[in-house]
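Shown next, in structure tokens, is the structure this report addresses.
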Protein chains: 2
Amino acid sequence: MEATDTREALLDAAESLFAEHGVQAASLRAITQQAQANLAAVHYHFGSKEALVRAVFSRRVGPLNQERLRQLDECERTDGGVEEVLSAFIEPLLRVARQTPEGTRHFARLMGRSFSEPNEEVRTIVMEEFAPTIRRFVEALARRLPHLPESEVLWRFHFAAGAMAHTIACGHLLERYSEGLCRPGSLEDAQDHLVTFLAAGLRAPALSNHDRGEGA
Amino acid sequence: MEATDTREALLDAAESLFAEHGVQAASLRAITQQAQANLAAVHYHFGSKEALVRAVFSRRVGPLNQERLRQLDECERTDGGVEEVLSAFIEPLLRVARQTPEGTRHFARLMGRSFSEPNEEVRTIVMEEFAPTIRRFVEALARRLPHLPESEVLWRFHFAAGAMAHTIACGHLLERYSEGLCRPGSLEDAQDHLVTFLAAGLRAPALSNHDRGEGA
DNA sequence: GTCTATATAGCGATAGAC
DNA sequence: GTCTATCGCTATATAGAC
């Protein structure tokens, strides 16, 4: 009965400490201490630290991308535009960051950093879990941006993902540089600003065109 | 006479291994081995690993931002537009990534990841070294985007920085997801795509406006 | 300045009692 | 399932010969 409790506590503690100090720097001793569990519990429940890392990411990434695809389906059904497609990608992550009492907020920071995580295991998980989702979003955007060659859509979605990851992971920078003028902690604000910015970027004329300076 | 050679070799090796495995995961043993130096050399030349980390970043960040400000001055003199201001921010980093025979290419990846680096020392250095540069670029952009409140310019510059950092640090993702269609290794291409995308995003109507869908 | 040798501490992992 | 105790290893850091 304590079993799942301990398991969940370990996942929560690991998530929180991975987000704060990085995967490599968070020791099993620190994790088990924060989870009020024994050091050996990690190996009993997961087998190794690498397996724990995998479990921490797997627990969230699947549902996250599932929700994204659900919102994308809804968006296709209601014939939503570029803004709605972007929101379908962004909102689930911000929602996850917003809702849960503890742990999940940390996961948002962790996810924001996961693309550039040096740990190979993490990079592999993220890359493979995201591939089908990204493909579907790029297709949806390409259909709404017929003036762009596919490579251009891919470039621009890449930039959009970067802006999003940075916003989630590095809000402290904006808070500091804006001297309190922007409140990146308010994720609703962040989403509105992001969608406006990214939609305009996506709608820019194609690079190969020689005209410049107006949206679609 | 060997002194500066060893020192430089240590900085190059550290830069390269920090970029590849992260600051925490790169051991002094691996660094000194790659530099063909003795393990104790790090402590003789720098005093500690933390001091080495500081030296690795300091060596590049100052000149990088100096070049950015030089290009921004030039841009002001020639009355350049939003695109030119963005190029003044982006080009120096890509140039650094492009030119030097060894080491500096790694620094670009390291810099791209530095904003979200868990290591506190690194975050502090980056934040303080970048503050004056960012302030000047935000001012320059604000003057060219009079339809935007200052907070909006700050938000959008934040997004732009994220897209740039992601492009530098995570080119492998685009390479993978585009199945070879995009070549993020070509940094000239990356810059052209980035500037077009970001300029359009910056020119988007202000959030508070209720009209939508066209650039400035 | 460079080297060997070593101090000290923390890491992930495991065996085995309960 | 949980605990203690410990193994084997690697980390950073340092002392002292050359």
Side-chain angles (χ1 to χ4, degrees), chain A residues 1-59 110 117-125, chain B residues 1-59 103 110 113 117-125:
Chain A
M1 191 109 207
E2 274 273 78
T4 58
D5 287 2
T6 299
R7 217 187 113 92
E8 288 299 308
L10 287 171
L11 287 170
D12 289 341
E15 186 169 276
S16 146
L17 289 169
F18 289 168
E20 194 171 355
H21 303 112
V23 169
Q24 165 85 18
S27 72
L28 295 186
R29 283 172 167 82
I31 291 165
T32 49
Q33 188 179 347
Q34 177 163 320
Q36 293 181 284
N38 188 276
L39 173 60
V42 168
H43 296 93
Y44 175 80
H45 287 284
F46 300 97
S48 70
K49 182 177 178 178
E50 273 304 296
L52 171 64
V53 172
R54 247 178 283 128
V56 165
F57 278 83
S58 299
R59 178 171 65 148
L110 189 58
E117 172 64 49
N119 182 294
E120 198 166 332
E121 188 92 19
V122 173
R123 255 194 332 236
T124 305
I125 291 173
Chain B
M1 192 110 204
E2 274 272 78
T4 57
D5 286 3
T6 299
R7 215 188 115 93
E8 288 299 307
L10 287 171
L11 286 170
D12 289 341
E15 187 170 274
S16 148
L17 290 168
F18 289 169
E20 194 172 356
H21 303 113
V23 169
Q24 167 83 18
S27 72
L28 295 185
R29 280 176 165 81
I31 291 165
T32 49
Q33 188 179 348
Q34 177 161 321
Q36 293 182 286
N38 187 275
L39 174 60
V42 169
H43 296 92
Y44 175 78
H45 286 284
F46 300 97
S48 71
K49 182 176 178 179
E50 271 305 295
L52 172 64
V53 172
R54 246 177 285 130
V56 165
F57 278 84
S58 299
R59 178 171 67 148
L110 188 59
R113 214 160 52 198
E117 172 65 48
N119 182 296
E120 198 167 331
E121 189 92 21
V122 173
R123 254 194 332 238
T124 304
I125 290 172

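All values below come from the heavy atoms of this structure, side chains included, with hydrogens, waters and symmetry mates left out. Just so we're on the same page: letters track the sequence lines, and every chain starts at 1.
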*asked:* Could you work out, with side chain to side chain contact (heavy atoms under 4.5 Å, CB included) as the rule, every residue matching B:R54, not counting sequence neighbours?
replied: B:E50, B:A51, B:E121, B:I125
_N or O in side chain of A:T6 less than 4.0 angstrom from D:dG1 OP1/OP2_ = no
*Using whole Å, report how far OH of B:Y44 lies from P of C:dT4.*
17 Å
*Can you tell me the distance, in whole Å, between the CD1 atom of B:I31 and the C1' atom of D:dA11?*
12 Å
*Nearest-Å distance, CZ (B:F46) to C1' (C:dG1)?*
14 Å
*How close or far is atom C1' of C:dC3 from atom CD of B:Q36, stated in whole angstroms?*
16 Å
*Euclidean distance, atom CD of residue B:Q33 to atom P of C:dT4 [Å, nearest integer]*: 13 Å
*Report yes if at least one side-chain N or O of A:N38 is closer than 4.0 Å to OP1 or OP2 of D:dG1; otherwise report no.*
no
_The side chain of A:S27 is closest to which nucleotide in this list: C:dG12, D:dG1, C:dT2?_
C:dG12
*Hey, does the side chain of A:T124 reach the backbone of A:E120 with a donor-acceptor pair shorter than 3.5 angstrom?*
yes
_Pairwise distance CG(B:L52) to CD(B:E15) - rounded to 0.5 angstrom_ = 10.5 Å
*Of all residues at least two apart in sequence or in a different chain, which pass the side chain to side chain contact (heavy atoms under 4.5 Å, CB included) check with A:R29?*
A:S27, A:L39
*asked:* For the CG atom of A:N119 and the CD atom of B:Q24, what is their distance to the nearest 0.5 Å?
replied: 12.0 Å
*asked:* Using whole Å, what does the distance between atom P of nucleotide C:dG12 and atom NE2 of A:H45 come to?
replied: 17 Å
*Exam field: side chain B:K49 to backbone B:V42, donor-acceptor pair closer than 3.5 Å*: no
_Return a single string for nucleotides 13-18 of chain D, one symbol per nucleotide in 5' to 3' order, where B is base contact, S is sugar-phosphate-only contact and - is none, cutoff 4.0 angstrom on heavy atoms._
BB----
